[in-house]
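Order of the sequence lines sets the chain letters (A, B, ...), proteins ahead of strands, with each chain counted from 1. What's counted below: heavy atoms across the whole structure, side chains too, no hydrogens, waters or symmetry copies.
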Amino acid sequence: MAKNLLIVESPAKAKTIEGYLGKDFLVKSSYGHIRDLVKTDDAIDTDNNFQQKYEVPADKKAIVSELKKLAKSAETVWLASDEDREGEAISWHLFETLGLKDENTKRIVFHEITKPAILKAIESPRKIDYNLVNAQQARRVLDRLVGFELSPVLWKKVKPSLSAGRVQSVAVRLIVEREREINRFEAEASYKVVAIFNTGKGKEQLKAELPQRFQTSAEAEQFLKDCVSANFKVGNLETKPSKRTPAAPFTTSTLQQEASRKLGFSVARTMQVAQRLYEAGRITYMRTDSVNLSDTALQAARAEITSAYGDHYHKQRQYRTKSAGAQEAHEAIRPTYFNEHSIEGDNSERRLYELIWKRSIASQMSEAEFEKTTAKINVSTRSEDFVATGEVLKFDGFLKVYMESTDDEDQEGFDDADSDNKLLPPLSVGQDLQLKNMQATERFSRASARFTEASLVKKLEELGIGRPSTYAPTISTIQNRGYVVKEDRDGKERIYEVISLENGLVSSVKKTEITGAERSKLFPTDIGVLVNDFLVQHFKDIVDYNFTATVEKEFDEIAQGYKEWTDMLSNFYGPFHSEVQDTLENADRATHERELGVDPVSGKPISVRVGRFGPLVQIGSADDEEKPRFASLRKGQMIETITFEEALDLFNLPKKVGAFEEKEMTVAIGRFGPYIRHNSSFYSLPKGVDPLDVTEEQAIEIIVEKRQKDKDKIIRVFEENDEARIENGRWGPFVRFGKQNLKIPKGTEVENISYADVLKWAEEDSKGSTGKKTTRATKTTKAAKPAARAKKK
DNA sequence: CAGTGAGCGAGCTTCCGCTTGACTT
């Protein structure tokens, strides 16, 4: 039996450390927290100093009993969980749950997994820091109280199964408020003037822009007219050196942002792939808020840069963490071995690894050096000057390996690559230039961008809300609850004007562009808006953007021993609990109802509200003799912004479009989009076809095509039973047997499948499915959207 | 799978943070 038992949080970490410590040490993992508050309402006794009831969750029972046994026979138990609030609490829970004794338990901490760091930690053990533990308990209890008192208020006043919490509710609020900001936004037009000159020497051209913009078409046109007979001269030339420095190595949040921008990964995907890289020993821990690199890493990076690129490409840098509330229990995310520029693995693993490798290496490289030249061009007939800029790269430095992306490329509407960093042609002050052409293009100001998953994480981190381990789950939660959807939306056409001056003539044309198209952006749903407004109205303090920052300050004071954790909680809970009671008693049910006007046909009122199955339009009221008419809102429409006309249009469906094979065809919109119904079969409309415009011919064509496709899907129908067939599915061939879908075992040739095989598989499937099906069912319920869940009932 | 839109009121839902599996359909 080993003399020493050392417990860390992650099994991959345990494996690494075991290698450093030799055979006197047995290194085990706790797999994170081993205890949590019981799920019931008696978890916290609010009348009795917030005393907590903990339990070991079912999935942790095995590990706890194993650790208990090992701890008993060990001479010394080393608690080596992370050096932060949660880590300290994990050590405390271990101490309590495993029944450890003070005299042979040692608490050690290190924030990088390197041999020297571990050995040093072992030399300076300490005791559990109960102030830090108390700070964690305060955090845990506050989150439970907020979550488990607010959520039931929503069940009563809005809809069952909803949730609210310190983190998720603020995340939703950010999205709702951004959406409103965009809705309120009115684009302002202005005219940007760009000119192209011939330099006279050779054929080189010079592109220059007017720094100021014109507000009206008339002003822009006047400017161009004034330029018809003008002379153009280089008035001023300036050359300045400039530098760019590399970005800090990755934290969880910045990794999610860059993987989203450069690789198109969702935050969940990034974390899954990073987890695999971590477990394979390729990268350091992926849930971190630190930009720090260990000395070992700094040296390895230097060695790699010097040998691969040369001495002058290396510059050692230590970065400072900027984000609020950072706890820095780990290193930045970096490759374990800097000399491996790329790795084996699947496509996503290779790409993410390379991103991490490049970013980390670049962070230890020299600045890139540029020379920026600015030329001013005078116009003889006007006071304004054109400006041409050129940038030459003098030394690439870190740009040799890595270039950070930004979210808001094209923020000001420069949709052409006009600020291309190019060398200017040779110029001299006073030199005459010949105008080739000039264009004044109408451009529009832009609203703030909608959030992507990754840019929302960035914002949350800036506000100090959430932790590296919860960013991805939070983003999933607000989508699973139906508060937010990640979607693409089509843009709208917009007309803009281009005024040109060429060959002494000024002319104007109208052009069209697409504006407002979105890809994978977060949009609030009506239920998200409704819940947010309810929370803002009744629990302003909790959903305040500064709430977390404020309580974090108090947690820090507790951690430093300046404040009692129970005092802090009493001060918070008293007023909060009364708010909850007051809201339960007095607040109205929230439906977000809005009157739109009066139906011109029936004279009845038209209103929109959130109903049992989502947002709807209603003509008439429930009190009328005649039942009201209903229609669901369509994707992209919201209660807040739908117009009277759009609402009326929704009643144009379902609509008859004619007949086919003596049966009527109707077009309508269902949960899966627009469809044609014919002879009790359903045919989806292809994208881009407006259901209101579908003609009889088009409808027939769609039906015929779908039938052919279905026919092609069937590979074989068994003679013995036409309910048994082999079909081509999304994941290759499978067997459809009545209502059962059966997998074809690997290695089986499709031609060789007999009816007996099918019967055998069907038997096995129904036998094995009893246990399996239940887990599957709970899973779908969890992930299912509210509408689908309601239906299940 | 492609509807529905009132409500008897059972029994359920829910938080944030720390970790990894067993699932993909």
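- Across all strands shown, A:Q168 has heavy atoms under 4.0 Å from sugar-phosphate atoms exclusively, and none from any base.
- The cationic group of A:R144 lies under 6.0 Å from the six-membered ring centre of A:F148 and within 45° of the ring axis, placing it in a cation-pi geometry.
- Between A:R276 and the phosphate of B:dG21, there is no side-chain N or O to OP1/OP2 separation shorter than 4.0 Å.
- With sequence neighbours left out, A:V536 forms a side chain to side chain contact (heavy atoms under 4.5 Å, CB included) with A:R173, A:N532, A:V543.
- Side-chain N/O atoms of A:R144 include none lying less than 4.0 angstrom from OP1 or OP2 on B:dC16.
- Backbone-only engagement by A:Y285 is indicated by non-hydrogen atom pairs under 4.0 Å involving sugar-phosphate atoms exclusively.
- Per the stacking criterion (ring centres < 5.5 Å, plane angle < 30°), A:Y31 does not stack onto the base of B:dT20.
- Nucleic acid contact class of A:R677 (heavy atoms, under 4.0 Å, all strands): sugar-phosphate only.
- Among the atoms of the strands shown, none is found under 4.0 Å from any heavy atom of A:L154.
- The residue A:G165 sits close only to the backbone: its heavy atoms come under 4.0 Å of sugar-phosphate atoms, none of a base.
- The side chain of A:R481 contributes an N or O atom lying less than 4.0 Å from OP1 or OP2 of B:dT14.
- No donor-acceptor contact under 3.5 Å links the side chain of A:R467 to the base of B:dC16.
- Counting only heavy atoms from C-beta on, A:L616 has its side chain closest to B:dG5 among B:dA2, B:dT13, B:dG5.
- If you check every strand for non-hydrogen atoms under 4.0 Å, A:Y278 touches sugar and phosphate atoms only.
- Here A:E279 lies in heavy-atom contact (under 4.0 Å) with sugar-phosphate atoms only.
- Under a cutoff of 6.0 Å and an axis angle of 45°, A:R35 and A:W92 form a cation-pi pair.
- A:Q136 comes within contact range of no nucleotide atom at all, as no heavy-atom separation falls under 4.0 Å.
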